[in-house]
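Here the structure is laid out as structure tokens; the discussion comes afterwards.
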Amino acid sequence: MNIAKRAFLYIIRKRGKSIILLLTLLIISTFVLTGLSILAATDQSALSLRQSVSGSIKLELDENSPNWTYQQGVGGTMVGYTGTPITDADIEKVMSVKGLRDYNSIGFGSVFAMDFSFIPGINFGQARDYSALPSVTNSGYFNYFRRGAFQLVEGRHITPEDDHAVLISTALAERNGLKLGDTITVQCCYDAGGYPDVSLEIVGIYEVTTDDGQFNTTSTDKRNRLIIDHKAMQEIMMYDVIQYDKGVEFFVDDPKNIDTIAAEIRKLDLDWNCFKLTVDNTAYETVASPLMAMQSMVTGLIIGIVIVSIGILALILNMWIKQRTHETGILLSIGVGKVQIVAQYILETLMIAVIAFGLAFFTSGAIAQGASNLLFAQATQNQSEVEIELPDDGTEYLDITGQYIPYDTSNMVTPDNVEVHVTSASLLWVCLLGIVICTAAVMLASLPVMKMQPKNILSQMS
């Protein structure tokens, strides 16, 4: 009689034991399948969240390096930089690193208004009003818009193809009667003088959402901020080449990998005596912290269930195999090999396990969502609130009180639960894992008896 037939007949004959083993395996497989389904759903939720919340890595000039000069001028302190500038070649090197999807480079200057007027603010005796203006590669990626401090209401954003384009605020447009397509003229306000008048075409108008202009000077009032392209900045500042004084922000495909990507960037042949990297992933970590806590919790539960399952099965099977000492001795005495006997025991267990795994698909489906909701609530309750660490972007991102413009999280996909579906893929993993556990448990339980000789086994029988 082959081992498959012997295994089947034993299961039929020992119905009580078979039902106990079936229920044990059903409970274990239900827990494991539920855990794997919740873990898969959590991973999917985290992926969707990462796609909606981008992390960034900023390459910028190191303000702590000895490459800076400071000279007192009529309008204030003149700051000069003598180190290596960030160039397009540097940007190209960084963009070659896998995992980056886009970038925004930022320049900086200050200008007088030549044929229009800025919104006046607190005056500290300056001879003439001026305001700062950043130049950008893509204004849609600019921090003011990303943080929600500015909202584009007319026109379009600045793109890399633009040449002498500008975005202005609604307040500045109303003060001067400006509209899309009009031009304004500016001139660099630095003490050196001799700078040309430069015309800029208005391609977009934005609304300031965080600042009403109160307690601001003209230069710090966000409503006076002009946002231009790099070609315009080059002419305004009379640079030989385009300069990115405020660095370059690189945006990652997946914030989960941001530290790995930053490590790869640090390996590049760049002048690290002049540059530094700033990693900004706090927005993702803030909204994803419950999911990450839940992933760790579920992973730990699955590992614990697997370990306990092996122990429980080993104890049950060890007790039952000891009760089959007589049968084992007879099989050994008639020439059935130990390997065949153990294989029969394994096959018996797996026959019952297959039924248990199939039933677990339905039982876990009934409890998975409820278990997920409980775990998510627990993870959210135990997770301390993560404060967003605002990066040091320079004084143009400060209001007069020294407070940074906060991130706008209103459009972030903040999860309030994890929707779970028990899938065939998770069931397949449970089947594979169950086969390994059952096999290991039977072999572990069979070890003491299999070490005995047939005559010793028969002599110990009552």
Determine whether I205 and I202 satisfy the following criterion, side-chain contact (heavy atoms from CB on, under 4.5 Å), listing intermediate values before the conclusion. CA-CA 8 Å; I205 299 176; I202 300 172; 4.2 Å; yes
Taking it one step at a time, do F108 and S135 satisfy side-chain contact (heavy atoms from CB on, under 4.5 Å)? CA-CA 6 Å; F108 181 77; S135 61; over 6 Å; no
Considering all heavy atoms, the nearest I106-E249 contact: CD1-OE1, 4.3 Å
Check this for me: does any side-chain nitrogen of one of D162 and R156 sit under 4.0 Å from a carboxylate oxygen of the other? yes
Check whether any side-chain heavy atom of D245 lies under 4.5 Å from a side-chain heavy atom of Y239, and answer yes or no. yes
Could you tell me whether the side chains of T137 and S105 share a donor-acceptor contact shorter than 3.5 Å? yes
Is there a salt bridge (charged side-chain N to carboxylate O under 4.0 Å, His left out) between K276 and E63? Walk through the geometry before answering. CA-CA 9 Å; K276 71 173 184 177; E63 69 276 8; 2.9 Å; yes
Sub-6.0 Å ring centroid separation between Y244 and H230: yes
Flag for S117-R175: side-chain donor and acceptor within less than 3.5 Å: yes
For Y195 and Q187, the nearest pair of non-hydrogen atoms, with its separation, is O-NE2, 3.4 Å
Go through the steps for T218 and S131 under the test side-chain hydrogen bond (donor to acceptor under 3.5 Å, both in side chains), then give the verdict. CA-CA 6 Å; T218 302; S131 185; over 6 Å; no
Using a strict 4.0 Å threshold on nitrogen-to-oxygen distance, state whether D254 and K256 make a salt bridge. no
Between D90 and T87, a side-chain donor and acceptor under 3.5 Å: yes
Are a donor atom and an acceptor atom from the side chains of T30 and S364 found within less than 3.5 Å of each other? no
CZ of F275 to NZ of K58, rounded to nearest 0.5 Å, is 13.5 Å
Starting at CG of D271, measure out to OG of S65 and round the result to the nearest 0.5 Å. 9.0 Å
What do the steps show when you test L427 against V422 for side-chain contact (heavy atoms from CB on, under 4.5 Å), and what is the final call? CA-CA 8 Å; L427 180 60; V422 180; 5.7 Å; no
Taking the side chain as everything from C-beta on, heavy atoms only, tell me whether I302 gets closer than 4.5 Å to L36. yes
Do other residues, nucleotides or ligands put more than 12 heavy atoms under 6.0 Å from D163 CG? yes
Spatial distance of atom CG (L180) from atom CD (E201) [nearest 0.5 Å]: 9.0 Å
Worked verdict on T34 versus S37 for side-chain hydrogen bond (donor to acceptor under 3.5 Å, both in side chains): CA-CA 5 Å; T34 299; S37 299; over 6 Å; no
Would you give the length of the straight line joining atom CG of L33 to atom CD1 of I28, rounded to the nearest 0.5 angstrom? 13.5 Å
Any donor-acceptor pair under 3.5 Å linking the side-chain atoms of E60 with those of T278? yes
For ring pair (Phe, Tyr, Trp, His ring centres under 6.0 Å), just list the numbers for H157 and F145, CA-CA rounded to whole Å, side-chain angles, deciding distance to a tenth of an Å, and then say yes or no. CA-CA 10 Å; H157 277 293; F145 291 100; 4.7 Å; yes
On a heavy-atom basis, the closest approach of C438 and L313 is SG-CD1, 4.4 Å
Tell me, do D253 and L100 make a side-chain contact under 4.5 Å, heavy atoms counted? no
Looking at every non-hydrogen atom in both residues, tell me the closest pair between A356 and L25 and how far apart they are. CB-CB, 3.7 Å
Verdict with supporting geometry, N138 and T159, side-chain hydrogen bond (donor to acceptor under 3.5 Å, both in side chains): CA-CA 5 Å; N138 187 328; T159 67; over 6 Å; no
Any sub-3.5 Å donor-acceptor pair from S29's side-chain atoms to L26's backbone N or O? yes
Paired with E235, the side-chain contact (heavy atoms from CB on, under 4.5 Å) test is passed by just one of L200, V198, I228, namely V198
Trace of the side-chain contact (heavy atoms from CB on, under 4.5 Å) decision for I227 with L133: CA-CA 6 Å; I227 304 173; L133 77 167; over 6 Å; no
Are Y206 and E154 close enough that some pair of their side-chain heavy atoms sits under 4.5 Å apart? no
Mark yes or no for whether Q243, through its side chain, and G107, through its backbone, hold a donor-acceptor pair below 3.5 Å. no
Under 3.5 Å, side chain of T423 to main-chain N/O of S426, donor-acceptor pair present? yes
More than 12 foreign heavy atoms under 6.0 Å from CE of M351: is that the case here? yes
Keeping N176 on the side-chain end and F116 on the backbone end, is there a donor-acceptor pair under 3.5 Å? no
Rounding to 0.5 Å, atoms CG (L61) and SG (C274) come to a distance of 8.0 Å
Are F251 and Y141 close enough that their ring centres sit under 6.0 Å apart? yes
Where do F250 and L59 come nearest, in terms of heavy atoms and distance? CE1-CB, 3.9 Å
Is the closest side-chain donor-acceptor distance between D197 and T185 under 3.5 Å? no
Quick one: pull up CG in L167 and CZ in F150 and give me the separation to the nearest 0.5 Å. 9.5 Å
For residues W272 and L277, determine if any side-chain heavy atom of one lies less than 4.5 Å from a side-chain heavy atom of the other. yes
Is there side-chain contact between L172 and L226, with at least one heavy-atom pair below 4.5 Å? yes
Which pair of heavy atoms, one from G35 and one from V298, lies closest together, and at what distance? O-CG1, 3.2 Å
What I'd like to find out is whether the side chain of K93 reaches to under 4.5 Å of the side chain of L270, using heavy atoms alone. yes
Would you say that I261 contacts I57 through its side chain, given a criterion of any heavy-atom pair below 4.5 Å between the two side chains? yes
